[in-house]
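Just so we're clear, the structure is a prediction, and the values are computed from it rather than from any experiment. Reminder, nothing fancy here: chain letters follow the sequence lines and each chain counts from 1.
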Number of protein chains: 2
Amino acid sequence: MNNPQQRLDDILKKLRQREFRITPQRIAILQAFVSTDIHPSVEYVYNQVKITFPTTSLATVYKTVTLLKEIGEILEIGFPDGRNRYDGNKPYPHPHLICTRCHRIIDPDVSLLDRLTSEVAQATGYQITSHQVELFGVCPVCQKK
Amino acid sequence: MNNPQQRLDDILKKLRQREFRITPQRIAILQAFVSTDIHPSVEYVYNQVKITFPTTSLATVYKTVTLLKEIGEILEIGFPDGRNRYDGNKPYPHPHLICTRCHRIIDPDVSLLDRLTSEVAQATGYQITSHQVELFGVCPVCQKK
DNA sequence: TGCTTATGGATAATCATTCTCTTTTAATAT
DNA sequence: ATATTAAAAGAGAATGATTATCCATAAGCA
């Protein structure tokens with residue numbers, strides 16, 4: 001969420017380049033994704049979009065999410081319980097730190113990650129192309145309660 | 001899958017200690033979990049159990065999975081598409097290396113993981129209690145094809 | 001052997017997500 | 001500006017994994 005407007009324009013440009021249509025609903029969905037750091041769920045985006053477009057269908061949100069995943073502009077964060085969350089600002093794989101109490105998600109700096117993946121690549125012979133690194137714990141705020 | 005029989009006995013002992021009943025179905029489910037390294041899905045276990053107990057219900061497998069998760073004897077590995085997999089041999093969090101071609105899952109040694117988590121804990125103030133580290137890539141066998 | 005109660009089995013319910021089908025509309029040409 | 005047309009929106013049904021319900025069964029123990 002460094003510069004939401006710039007990010008929005010970048011994604012719109014990419015959509016145009018690939019000849020996808022720019023609809024008001026898509027703009028609203030994109031705006032919801034790029035204007036927050038909470039790693040929103042589909043439900044959150046749906047509720048945001050309905051503020052300006054009350055007739056929006058949940059299916060439209062899902063279809064746009066699929067599209068954005070395909071063009072590589074949002075990152076899907078899988079949860080075991082099914083409730084996926086998304087990152088529209090850093091659409092490339094990166095570690096997440098998730099509070100198990102309040103479900104807040106932040107993006108920590110992890111300087112050791114590159115060394116970790118190359119360690120594994122060397123030891124196993126795998127060509128590592130991607131990762132999903134989720135750390136779970138209790139955030140400072142919840143620790144005080 | 002170091003010693004399936006020993007592992008089975010250990011889990012049975014734990015169930016007895018906590019006054020859960022030892023049923024033939026539970027033994028069969030446990031056996032399916034501890035006798036493979038493929039990180040099985042519920043469906044896989046269900047099919048294995050049905051070989052010896054054809055009337056077994058899928059609900060029974062799910063109920064046992066929930067129980068085993070609660071007593072800490074299997075580890076759930078979440079996938080974004082919902083199809084969870086389980087590890088009955090190393091029920092504590094550990095990294096997985098997943099081949100995106102053949103879907104094989106192996107458990108690599110990752111010596112840097114402890115340092116990585118403590119680095120993040122120190123930088124963020126979170127109490128890190130668990131993790132889910134999945135590395136994706138192409139295994140040596142699939143690279144040759 | 002019988003009693004008690006947890007567990008098993010069958011099936012319905014749930015919930016996120018996907019699909020289907022019809023209507024609307026963005027983008028382009030006229 | 002208007003017409004054209006194919007993509008996208010909207011509504012609701014369908015799907016698939018998981019969970020809940022409820023009755024029958026059997027594990028564990030006296």
Side-chain angles (χ1 to χ4, degrees), chain A residues 11-33 39-71 73-74 76-86 103, chain B residues 11-33 39-71 73-86:
Chain A
I11 301 175
L12 289 178
K13 187 178 166 191
K14 193 166 186 176
L15 286 173
R16 268 190 216 97
Q17 277 173 350
R18 309 207 175 184
E19 299 192 324
F20 292 110
R21 292 186 182 172
I22 311 300
T23 65
Q25 291 88 343
R26 281 185 174 167
I27 293 173
I29 292 167
L30 284 173
Q31 235 150 14
F33 273 121
H39 303 76
S41 63
V42 165
E43 192 193 3
Y44 170 90
V45 172
Y46 177 54
N47 288 328
Q48 286 297 112
V49 171
K50 275 207 297 190
I51 295 170
T52 36
F53 296 95
T55 69
T56 302
S57 166
L58 192 52
T60 299
V61 180
Y62 273 106
K63 281 185 269 198
T64 305
V65 164
T66 303
L67 174 62
L68 292 172
K69 277 195 290 183
E70 280 170 2
I71 67 170
E73 290 299 335
I74 61 173
E76 187 172 59
I77 309 170
F79 279 78
D81 69 353
R83 298 187 168 170
N84 289 340
R85 306 265 296 263
Y86 297 87
H103 300 103
Chain B
I11 301 175
L12 289 177
K13 189 178 167 191
K14 192 164 188 176
L15 286 173
R16 270 191 216 94
Q17 278 174 351
R18 311 207 173 183
E19 299 191 324
F20 291 109
R21 293 185 183 173
I22 311 299
T23 65
Q25 291 87 344
R26 280 185 176 166
I27 293 173
I29 291 167
L30 283 173
Q31 235 151 14
F33 274 122
H39 304 76
S41 63
V42 164
E43 192 193 3
Y44 171 89
V45 172
Y46 177 53
N47 288 326
Q48 286 297 113
V49 171
K50 275 207 297 190
I51 294 170
T52 38
F53 297 96
T55 68
T56 303
S57 167
L58 191 52
T60 299
V61 180
Y62 273 106
K63 281 185 268 199
T64 304
V65 164
T66 303
L67 173 63
L68 293 172
K69 277 194 293 183
E70 279 169 6
I71 68 171
E73 291 298 335
I74 60 172
L75 177 75
E76 186 171 60
I77 309 169
F79 280 77
D81 68 354
R83 298 186 168 171
N84 289 341
R85 307 266 294 262
Y86 297 87

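Contacts of B:Pro54 with the nucleic acid, taken as non-hydrogen atoms under 4.0 Å apart, are absent.
Counting to the nearest Å, the C1' atom of C:dT11 and the OH atom of B:Tyr46 are 12 Å from each other. Following rounding to the nearest Å, B:Asn84 (CG) and C:dT17 (P) show an atom-to-atom distance of 13 Å. Remark: P of D:dT18 and CG of B:Leu68 are 15 Å apart, rounded to the nearest angstrom. The distance between atom CG of B:Leu15 and atom C1' of C:dT7, rounded to the nearest whole Å, is 12 Å. Nucleotide C:dT24 holds its P atom 23 Å from the CD1 atom of A:Ile22, rounded to whole Å. The CD atom of B:Glu76 sits 8 Å away from the P atom of D:dT18 (whole-angstrom rounding).
The side chain of A:Ser57 lies closest to D:dG10, out of D:dG10, C:dT7, C:dA16.
For the helix from C:dT1-D:dA30 to C:dT30-D:dA1, the angle separating the two terminal helix axes comes to 30°, with each axis derived from five pairs and the value rounded to 10°.
Side-chain atoms of A:Arg83 and base atoms of C:dA16 include no donor and acceptor less than 3.5 Å apart.
With values rounded to the nearest 0.5 angstrom, B:Leu67 atom CG is found 9.5 Å from B:Arg18 atom CZ.
Nearer to the 5' terminus of DNA chain C, by closest-nucleotide assignment, is the contact made by B:Arg26 (compared with the other of B:Leu58 and B:Arg26).
Around NZ of A:Lys14, the count of heavy atoms belonging to other residues, nucleotides or ligands within 6.0 Å exceeds 12.
When side chains are defined from C-beta on, A:Ile71 counts as touching A:Phe20, because their heavy atoms get closer than 4.5 Å. Side-chain atoms of B:Leu15 and B:Leu30, non-hydrogen and from C-beta on, do get closer than 4.5 Å to each other.
The heavy-atom pair separating B:Phe33 from B:Pro40 by the smallest distance is CD2-CG, 3.9 Å.
Here the side chain of B:Arg26 pairs a donor or acceptor atom with the backbone of B:Arg21 at under 3.5 angstrom.
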